[in-house]
Amino acid sequence: MKKRELESIIQNILDRLTEEGRINGPARVMLERPPREELGDFSTNVAMLLSRSEQRPPRQIAELIVPSIDALECVARSTVEGPGFINIHLKKECWYEVLKEILEKKHSYGDCPHVGEGKKVQVEFVSANPTGPLHIGHGRGAAVGDALSNILKAAGYDVTREYYINDVGRQMTILGHSLYIRYLELLGKDVTLPGDHYQGDYIRHIAEEFLKRYGREHAQTPFDECRELFIEFAKDSILSGIKKDLEDFGVRFDHWFSEKTLFERNLVEATIEELKGRGVVYEKDGALWFRTTMFGDDKDRVLIKNDGSTTYFASDVAYHHEKLRRGFHTIVDVWGADHHGYAPRMRALLSALGEDPERLRIILIQLVSLKRGGKPVAMSTRKAEFVTLREVMDEVGRDAARFIFLTRKADAHLEFDLELAKSQAPENPVYYVQYCHARIMSILEFARERGITVPDTPSVELLGRLELKEELDLIKHLSRLDEVVETAATSLEPHRVTFYLRELAALFHPYYNTHRVVSEDKTLSSARLILCRATAEVVRKGLGLLGVDAPSRM
RNA sequence: GCGCCUGUAGCUCAAUGGAUAGAGCAACUGCCUUCUAAGCAGUGGGCUGGGGGUUCGAGUCCCUCCAGGCGCGCCA
């Protein structure tokens, strides 16, 4: 029995009672889980919600509803408790169908296509400037954005993953010039890298590549005559490094959107014209302003500076206009938390264009504080002392890194301890869940060797052998996967899946420890193997949503 | 000064406005001749930063104060 299913059954009961005039209704039935298991499998507060309009105490209303619920096929009993909760205990036979469903649907179990209904959603994440390698903070953004994309897809959305490349502007010039200086340095010239340039060693490495490709060809060329060459070379080199890092991290984007193309296609200009047409821009002090204060922003924002160049914000405006034009129902932007101040002006843009600002959903990724054996690791982007995603991946492994990034809400600070993440000790959370899967695979292998079969379409009699409380608890938890996917998708909170998986593993491990799956009792073994298979299926599915492998052996 | 975020067990964090607020780690005590001990069983741990309000009901919503973080450029 699935929550959603029972919900609609009980909704029908209330609609009928309303029709019959026994209550004034209408009421929306929402099922929830009681805090303690003695209180039943599900509960509803509908009587309490009706109390006001009915002018009666909630318990009285509840008593009126309960008989109809009690009469349902799958209900063992339902009771009124506390201030007016209706608690529902289901018959255990109703839970077995969950196992059948899992074995039938396999990898698609847990999907809930009715949530997204195929609506187009774009998730833009990472979008780090192509001026240096990805650091650990980008890694968190990548893990969150990618897992969220997986979850949205499972929830029935048509998802596009996009990376926005800031490949124009002053910092690109500085990047190119940094490479130029390092190149001259390699040629033995007496040059120094200005303080506002990129200091990292990676520029030196790029300079070596440049030297290999072009030799001494540009030893005498003034920067102004070869800037594009240096900029492009540095950018391409860094970008391909970023792509490689992300690929190794298990993240693949559908689109790499270049800011430069916005200008090439005149989209920045066109968007500004559109805003002009809507009467939300004005000139002041020689600059062109977007009146974002009309839509809840603190102050108006400049689009075109008094020197005639456009601002970074102007590009963003054009980019988001373009996102809307591409027909995305919802646009998800994953930003570093330090950019939170940009939210009001971006929402203002949607409002100004006559769109519902709710179509833009912003996820803020809080800082990762890196530790090593409990001691903080200093990070400063300026000095290029930061720890790169590559280093973290190499040291702790992809799975551990991704899983740990997803153990917290995105907007909560995350403490990432390198020692802990790479340790193969119990305190490492990723192994707890993966081990559950590996363990089950091993049990299935063991059973196979003994010739014990696991039917694909088990009979109810066979499943009826699963009578232990631990077994029913496991099944009930397995039944919740689609609820978790739905909530994670609508709230844009992938960490919910992580918590769900930990709970699932926490039900399986003790079960394994106290009861033998494979025993002399052939039918019982068979039934338990089905439960194991279903559990493994759900673990694999859940880890897959997080982008983490489910190993068969550990 | 203004705005946003955070404040929950010793530490790191959970908890669609629901009932007696939960995990993990750390601490302590046990369990491998068995389908994987990367596991399990047990023990302690709390005025959810303070105060007010909204309502049947608040960790959750509103106001206020306190503490911490971040943001407040014709920078990118």
Side-chain angles (χ1 to χ4, degrees), chain A residues 30 32 34-36 39 43 45 47-49 51-52 57-59 81-85 87 129 131 166 168-172 174 259 284-289 297-299 301-315 336-344 364 366-367 369 371 374 407-409 411-417 420 423-436 438-447 449-450 452 483 486-487 490-491 495-496 498-499 502-503 505-506 508-519 525 528-529 532 553-554:
Chain A
M30 302 270 277
E32 30 188 66
R36 295 187 306 286
L39 294 174
S43 71
N45 63 350
M48 283 135 86
L49 296 176
S51 175
R52 183 180 284 248
R59 290 190 66 109
E81 263 149 312
F85 288 102
N87 291 343
N129 292 339
T131 53
N166 295 114
V168 292
R170 193 175 125 77
Q171 56 178 348
M172 280 295 109
I174 293 177
E259 179 183 3
K284 193 182 87 180
D285 304 333
L288 190 74
W289 298 70
D297 195 10
D298 287 350
K299 49 186 81 165
R301 309 292 171 178
V302 170
L303 292 170
I304 303 177
K305 300 182 242 178
N306 61 14
D307 68 357
S309 63
T310 58
T311 57
Y312 175 86
F313 176 56
S315 293
D338 54 344
H339 287 78
H340 72 260
Y342 284 72
L364 299 174
Q366 260 300 354
L367 284 181
S369 46
K371 304 218 163 172
T407 53
R408 305 275 181 265
K409 240 187 329 213
D411 61 359
H413 287 271
L414 172 70
E415 202 171 87
F416 192 113
D417 194 311
L420 185 104
S423 76
Q424 301 205 342
E427 59 265 27
N428 193 335
V430 64
Y431 299 125
Y432 189 72
V433 176
Q434 286 186 322
Y435 189 58
C436 176
R439 210 172 213 183
I440 292 173
M441 289 300 108
S442 167
I443 296 169
L444 293 175
E445 180 61 31
F446 180 83
E449 283 164 7
R450 316 237 146 176
I452 298 171
E483 293 168 42
E486 176 171 349
T487 312
T490 54
S491 63
H495 77 277
R496 292 173 181 280
T498 315
F499 279 84
R502 196 142 59 183
E503 287 162 10
F508 183 79
H509 287 309
Y511 172 59
Y512 168 88
N513 266 277
T514 33
H515 305 286
R516 277 196 71 84
V517 174
V518 179
S519 64
S525 300
R528 288 181 172 175
L529 285 166
C532 284
R553 238 169 233 289
M554 286 173 73

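Quick note on labels: first sequence line is chain A, next is B, and so on, each numbered from 1.
- For B:G52 and B:U16, the C1' atoms lie 27 Å apart once the distance is rounded to whole Å.
- Checking B:U12, B:G18, B:G71 against the side-chain heavy atoms of A:Arg408 singles out B:U12 as nearest.
- The side-chain tip of A:Arg439 does not point at the ring of A:Phe508 from less than 6.0 angstrom away and within 45° of straight on.
- With its glycosidic angle more than 90° from 0, B:C47 adopts the anti conformation.
- Across all strands shown, A:Asn87 has heavy atoms under 4.0 Å from base atoms, whether or not it also approaches the sugar-phosphate.
- Side-chain to base pairing of A:Asn306 with B:C74: one donor and one acceptor N or O lie within less than 3.5 Å of each other.
- Partners of A:Arg553 by side-chain contact (heavy atoms from CB on, under 4.5 Å), not counting sequence neighbours: none found.
- Spacing of P atoms, B:C32 relative to B:U48, comes out at 42 Å, to the nearest Å.
- Per the stacking criterion (ring centres < 5.5 Å, plane angle < 30°), A:Tyr435 does not stack onto the base of B:G39.
- Of the listed nucleotides (B:A14, B:G18, B:G71), B:A14 has the atom at the smallest distance from the side chain of A:Ala412.
- Regarding contacts with the backbone of B:G73, a side-chain N or O of A:Lys299 is found under 4.0 angstrom from either OP1 or OP2.
- Within the structure, every side-chain polar atom (N or O) of A:His515 is placed at least 4.0 Å from both OP1 and OP2 of B:U34.
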> When you check every protein heavy atom under 4.0 Å of nucleotides 40-46 of chain B, what one-letter string (B, S, -) results, 5' to 3'?
Replying inline: SS-----
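- A:Val168 comes within contact range of the sugar-phosphate backbone alone, with a heavy-atom separation under 4.0 Å but no base atom that close.
- Between B:A14, B:A19, B:G18, one nucleotide has an atom nearer to the side chain of A:Asn45 than all others, and that is B:G18.
- Minimum heavy-atom separation, A:Ala447 to A:Val518: CB-CG2, 3.9 Å.
- When all heavy atoms of A:Pro510 and A:Ala505 are compared, the closest pair comes out as CD-O, 4.2 Å.
- Separation of the P atoms belonging to B:C25 and B:U20 is 28 Å when rounded to the nearest angstrom.
- OP1 or OP2 of B:A38 has not a single side-chain nitrogen or oxygen of A:Tyr431 nearer than 4.0 Å.
- At the heavy-atom level, A:Ser309 lies nowhere under 4.0 Å from the strands shown.
- Side-chain nitrogen and oxygen atoms of A:Tyr512 include at least one within less than 4.0 Å of the OP1 or OP2 phosphate oxygen of B:A37.
- As rounded to whole Å, 14 Å separates atom P of B:G17 from atom CZ of A:Phe85.
- Secondary-structure stems of RNA chain B, taken as three or more successive Watson-Crick or G-U wobble pairs (i with j, i+1 with j-1) under a 3.5 Å distance threshold, comprise B:1-7 with B:66-72, B:10-13 with B:22-25, B:27-31 with B:39-43, B:49-53 with B:61-65.
- Atom-to-atom, CZ of A:Arg502 to P of B:C13 comes out at 13 Å; the value is rounded to the nearest Å.
- A:Glu32 comes within 4.0 angstrom of a nucleotide base, judged by non-hydrogen atoms across all strands.
- Dashed line: the shortest gap from a side-chain N or O of A:Arg496 to OP1 or OP2 of B:U16 is under 4.0 Å.
- The distance from atom NE2 of A:His339 to atom P of B:C5 is 18 Å, rounded to the nearest whole Å.
- The CD-P distance, from A:Glu415 to B:G68, rounds to 19 Å in whole Å.
- For the P atoms, the distance linking B:C66 with B:A9 amounts to 22 Å, nearest Å.
- Taking each heavy atom of A:Gln366 and A:Ala412 in turn, the nearest pair found is CB-O, 3.4 Å.
- Counting only distance, with no hydrogens or angles, the side chain of A:His509 and the backbone of A:Tyr435 share no donor-acceptor pair below 3.5 Å.
- Of the P atoms belonging to B:A14 and B:G24, the separation is 16 Å, rounded to the nearest Å.
- The A:Lys305 side chain lies nearest to B:C75 when the options are B:C35, B:C75, B:A19.
- Across all strands, A:Asp307 comes closer than 4.0 Å to no nucleic acid atom at all (heavy-atom distances).
- Remark: the backbone N or O of A:Lys409 is not paired with any side-chain donor or acceptor of A:Arg496 at under 3.5 angstrom.
- Listed nucleotides: B:C74, B:A19, B:C56. Nearest to the side chain of A:Ala287: B:C74.
- In the set B:C4, B:C13, B:A15, the nucleotide with an atom closest to the side chain of A:His340 is B:C4.
- A gap of 29 Å separates the P atoms of B:U29 and B:C13, to the nearest Å.
- Two residues, A:Gln366 and A:Ile443, neighbour RNA chain B, and the one matched to the more 5' nucleotide by heavy-atom proximity is A:Gln366.
- One P atom belongs to B:G71, the other to B:U64, and the distance between them is 24 Å to the nearest Å.
- A:Lys284 comes within 4.0 angstrom of a base, heavy atoms only.
- If you check every strand for non-hydrogen atoms under 4.0 Å, A:Arg450 touches nothing.
- Comparing B:A41 with B:G51, their C1' atoms are spaced 44 Å from each other, to the whole Å.
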